Every structure is written in structure tokens, then in C-alpha cells.
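For reference, the structure discussed in these notes is given below.
In this text the structure is predicted, and so the values were computed from the model without any measurement. Note that these values count all heavy atoms, side chains included, but never hydrogens, waters or copies made by symmetry.
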Amino acid sequence: MSDPADVLTDLRAEGDELDAVVGELSDEQWRRGTPAAGWSVAHQIAHLAWTDRAALLAVTDPEAFAAEVEKALAAPERFVDDGAEEGAALPPAELLARWREGRERLDAALRKVPPGGRFPWYGPPMSAPAMATARLMETWAHGQDVVDALGVRRAATARLRHVAWIGHRARDYAYLVRGERPPAEPFRVELVAPDGESWTYGPEDAAQRVTGTALDFCLLVTQRVHRDDTGLRAEGADAEHWLGIAQAFAGPAGAGRAPREGAR
């Protein structure tokens with residue numbers, strides 16, 4: 001896990017980078033469809049604002065957050081989409097202001113959590129660094145949908161290390177959420193970072209291995225790309241299977257993305 005101050009600084013930078021993309025969009029661009037079926041650019045930002053609000057409640061008002069969990073349990077297949085729909089219906093300027101305010105308030109709240117402090121979440125309780133890492137992962141992933149919709153290119157940064165870490169860490173969850181038994185032995189993941197350095201996870205002598213670029217791995221574990229559209233390599237049948245089901249986010253198993261035409 002990263003140092004709390006470092007990951008919070010990186011979360012702020014990730015939000016600011018996406019803010020720079022959407023801050024001056026026209027109304028038509030806010031309505032533009034993204035690779036997530038049924039979700040516009042506005043839906044993507046509304047989802048981030050909605051989740052930031054939920055995270056803020058978890059940190060500052062656990063009882064109020066418990067009520068939100070009850071709503072989620074009552075409609076597990078709809079509560080995420082409903083939250084995005086509600087926010088996407090707002091005028092773009094109001095939605096943007098709501099997202100910006102939520103980011104600032106969550107940043108301030110997370111910085112006040114004492115070392116070792118934990119608070120409830122939709123899954124196991126979270127620490128401030130874990131929550132910041134999860135929020136960065138979501139901001140980056142939904143930001144990818146936004147830039148894909150707008151035809152904007154963005155550079156991969158060292159902030160991907162947080163996404164890669166959570167993607168590796170969530171290996172067993174990807175199996176369990178599909179009703180499968182996770183492999184007993186750990187995997188080795190070796191990634192080439194944007195600056196050419198190596199990020200590694202798991203024991204060096206593991207038989208099951210995944211290698212490739214950090215960008216491809218992060219796109220895959222956030223289900224923003226199909227396995228066939230990456231340069232990732234798997235050694236071992238278990239590692240190959242994992243690359244077909246990997247997900248870094250909580251919730252039901254994602255459907256993933258279809259392969260691009262002509263992919264292997």
C-alpha cells in the first residue's frame with residue numbers, strides 16, 4: 001500500500017487531469033456516448049461524483065452510509081446506474097460543480113483519518129489509503145471512457161502504479177464474484193511502467209506469470225479493453241484464465257469489452 005499522503009496527492013492529480021478534459025465541454029459533448037453502453041460523458045462524471053459522496057459519508061457519517069448500503073442491497077443491479085442517471089440529468093455546469101466540490105470534501109476528510117483508522121464500505125472496511133487508491137482507480141478508469149468518447153489522447157503516468165496494485169490485489173475477488181475457487185498459489189506479475197521501470201508483484205519463482213505493460217494491465221483489470229487487444233502474456237493456464245476475468249473494481253462481475261475487429 002502506498003504512503004497515505006502520496007496516494008492522496010496522486011488522487012487529486014488524477015481528478016484534476018480529468019477535470020481539464022471535461023471542464024470546457026459543450027452540452028453536446030456532455031451527452032456524447034462512451035464505450036460503456038447507455039452511459040454518456042455526463043453519466044461517467046455523475047458516477048464519480050456519486051461515489052465520492054458515498055465515500056465521504058462512509059468517512060464522516062457511518063450511520064448515514066449504512067442507510068445507503070441498505071438501498072444498494074435492495075436494488076443491487078440498479079443502484080449504480082440510478083445514481084449515474086440522476087447526476088447525468090443535471091445541467092452540465094451543476095454536475096461539474098458537484099463533482100468538484102465532492103472531490104475537495106473527500107480529500108479533506110481522508111487527510112483527517114488517523115493512522116490505522118478504518119470506516120465501512122460496500123465490502124470490507126477501508127482505510128484512508130485504500131479508499132484513495134480505489135477512488136484513483138475509478139477516476140482513471142471512467143476517465144478512460146471519457147477520453148475514448150471524445151477522441152482525446154492522454155499519456156500514461158506513474159499514477160498507474162495504484163491501479164496495477166489494486167488489480168493484482170483483487171485477483172481472488174475476480175474468481176469469487178463469479179462463483180469460482182481462486183488458485184491456491186500466488187501469481188507473479190511483471191509490468192513495464194510508463195517510464196520504463198519494472199513494477200513487480202508476487203513471488204519471483206511463481207509458476208503462473210503475467211507480463212506486459214502497466215497500461216495494458218490497468219486497462220484490462222478495469223475492463224476497459226478486451227484481453228485480445230493487449231500485449232499481455234500469460235504463462236500457465238491459471239494465469240491465462242485470470243486475464244479473461246480480472247477486475248479491479250468491487251461489485252458484480254463485469255461484462256468486459258468486446259474485442260476490436262481484427263483482434264487475435
**Prompt:** Does the gap between the ring centers of Tyr201 and Phe217 come in under 6.0 Å?
**Reply:** no
**Item:** Residue pair Glu86 / Trp50, side-chain heavy-atom distance below 4.5 Å
**Value:** no
**Prompt:** Cut-off 3.5 Å, side chains only: do Glu190 and Thr211 have a donor facing an acceptor?
**Reply:** no
**Prompt:** Aromatic ring centroids of Tyr122 and Phe79 under 6.0 Å?
**Reply:** yes
**Request:** Dump the intermediate steps for salt bridge (charged side-chain N to carboxylate O under 4.0 Å, His left out) on Asp148 and Arg224, then the final yes or no.
**Result:** CA-CA 10 Å; Asp148 284 346; Arg224 263 56 192 181; over 6 Å; no
**side chain to side chain donor-acceptor pair (under 3.5 Å) between Thr34 and Gln44, worked out** = CA-CA 8 Å; Thr34 68; Gln44 300 287 351; 3.0 Å; yes
**Message:** Tell me if a side-chain donor or acceptor on Arg227 pairs with a main-chain N or O of Leu232 at a distance below 3.5 Å.
**Reply:** yes
**Request:** Check whether the side chains of Arg178 and Gln247 place a donor and an acceptor atom closer than 3.5 Å, and report yes or no.
**Result:** yes
**Prompt:** Taking all atoms of both residues into account, what is the closest heavy-atom pair of Asp228 and His226, and its distance?
**Reply:** N-ND1, 2.9 Å
**Prompt:** With a 4.0 Å cut-off, would you call Arg111 and Asp107 a salt bridge?
**Reply:** yes
**Asked** Between Leu110 and Phe119, does a side chain to side chain contact (heavy atoms under 4.5 Å, CB included) hold up when you go through it step by step?
**Response** CA-CA 11 Å; Leu110 289 173; Phe119 38 83; 3.9 Å; yes
**Asked** Centres of the His168 and Phe187 rings: under 6.0 Å?
**Response** no
**Asked** Is the NZ or CZ atom of Arg161 positioned over Trp165's six-membered ring, under 6.0 angstrom from the centre and within 45° of the axis?
**Response** no
**Message:** Is the distance between the ring centroids of Trp39 and His47 under 6.0 Å?
**Reply:** yes
**Request:** Before accepting this row, confirm whether a basic side-chain N of the pair Glu204/Arg209 lies closer than 4.0 Å to the acidic partner's carboxylate O.
**Result:** no
**Asked** With a 6.0 Å cut-off on ring centres, are Phe65 and Trp121 close enough?
**Response** yes
**Asked** Can you name the nearest heavy-atom pair linking Val225 to Asp216, along with the distance?
**Response** CG1-O, 4.5 Å
